[in-house]
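Following: one structure in structure tokens, then a few remarks.
Note that the structure is predicted; figures quoted are calculated from it, not measured. Numbers here simply count residues along the sequence, with the first being 1. Numbering of ligands and ligand atoms starts at 1, following listing order. What you see below is based on every heavy atom in this structure, not just the backbone, and it leaves out hydrogens, waters and symmetry mates.
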Amino acid sequence: MEPKGKTREEVEKLTVIDTWLRKHRLIYLGATRHSFVISIRDGTVDFSGFKIWLGQDYKFVRAFVAFVASVLIKAWKESDESEGDTEVILSGVAALNDEIAWFKKEASGFGVQLSDVVQEQPNRDYCRFLEGLMSPEVEYTVAITAYWGIEAVYQDSFAHCLEHGSNTPSELQEACQRWGNDGFGQYCNSLKNIANRRLEKASDEERRKAEVTLLSVLEHEVDFWNMSHDGSD
Ligand SMILES: Cc1ncc(CNC=O)c(N)n1
């Protein structure tokens, strides 16, 4: 029985990340319900914008692999209870191997020459930000929170394009499936659980750093979507 006068929420304490998602709800929605994502979902997406996204994201993912590898190293150095963590992160690295192959196949299907893609400034800025997080001085808790955030934005965005009532063009279904599928949703949940476990034990200062880092991730994600869709139409 729940104590009298207390709601379920007061009894079951929210996790650190859920608290942040409430506090920064509009910023989170800005990244996960961006006009580019909405245009995919409602079928009005401009294919030239999709091709820009494809080429830019391929470049991003190459840097992201190095970032995830750096998170793996941080997990391994925390010899405490992070044995399960390293396996979760390793499976993420393995999935990125398939993802790189998928980008190459997809680009060829859409006639995008990946070797000709020039990284645009928002993409460069995002990769530079990731590089900063790869530094050994950045705590594991901060890095794993960023990793969760980066994956969660794609999972949430693309799952939205697969929901009942969406009108996603068939050519883009596969891309949406890649990040919007349930298995990837569960993977993101494993990352979220790891991050929450670390955040609960972290110092106030470390927790604050992780929160600020997550906000930067969301900002970079919005700038990234903007490269393909600036909202002018
Ligand atoms: C800009 C951006 N953010 C997140 C992801 C998803 N992670 C790996 O694929 C991605 N591909 N690109």
Tell me the protein heavy atom at minimum distance from [atom], and give that distance in Å.
{"atom": "atom 10 (C) of ligand 1", "answer": "Y154 CE2, 3.2 Å"}
{"atom": "atom 12 (N) of ligand 1", "answer": "D57 OD1, 2.6 Å"}
{"atom": "atom 3 (N) of ligand 1", "answer": "E221 OE2, 2.7 Å"}
{"atom": "atom 9 (O) of ligand 1", "answer": "E99 OE2, 2.4 Å"}

Original post:
Taking atom CD of E151 and atom CZ of F184, what is their separation to the nearest 0.5 Å?
Top reply: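 Answer for the CD-CZ pair, E151 versus F184, is 3.5 Å.
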
**OP:** Could you tell me how the ring of F110 sits relative to the ring of F50: parallel (under 30°), tilted (30 to 60°) or perpendicular (over 60°)?
**Re:**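 Aromatic pair F110/F50 classed tilted.
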
Original post:
W53 vs W179 aromatic rings, parallel, tilted or perpendicular, using cut-offs 30° and 60°?
Top reply: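 Plane angle over 60°, so perpendicular.
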
**OP:** Show which atoms of ligand 1 fall inside a sub-4.0 Å distance from at least one heavy-atom site of W179.
**Re:**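 So the answer, numbered in order with elements, is 6 (C), 8 (C), 9 (O), 11 (N).
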
Original post:
Going by the atom numbers of ligand 1, which of them fall below 4.0 Å from some non-hydrogen atom of E151?
Top reply: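 Listed by number with element, the hits are 6 (C), 7 (N), 8 (C).
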
Original post:
Any non-hydrogen atom of I150 lying under 4.0 Å from ligand 1?
Top reply: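 Flag set, I150 near ligand 1.
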
Original post:
Does any N or O in the side chain of N123 come within less than 3.5 Å of the main-chain N or O of Q56, such that one atom is a donor and the other an acceptor?
Top reply: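 Between the backbone of Q56 and the side chain of N123 there is a qualifying donor-acceptor contact (under 3.5 Å).
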
**OP:** Look only at the side chain of T213 and the backbone of A146, and say whether a donor-acceptor pair between them is shorter than 3.5 Å.
**Re:**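 It does not hold such a pair.
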
Subject >> Over all atoms of both residues, closest heavy-atom pair of E120 and M227 >> reply: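 Answer, listing the atom of E120 first, then M227: CB-SD, 3.6 Å.
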
Original post:
Backbone, side chain, both or neither: what part of V61 comes under 4.0 angstrom of ligand 1, heavy atoms only?
Top reply: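 Under 4.0 Å from ligand 1, V61 contributes side-chain atoms alone.
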
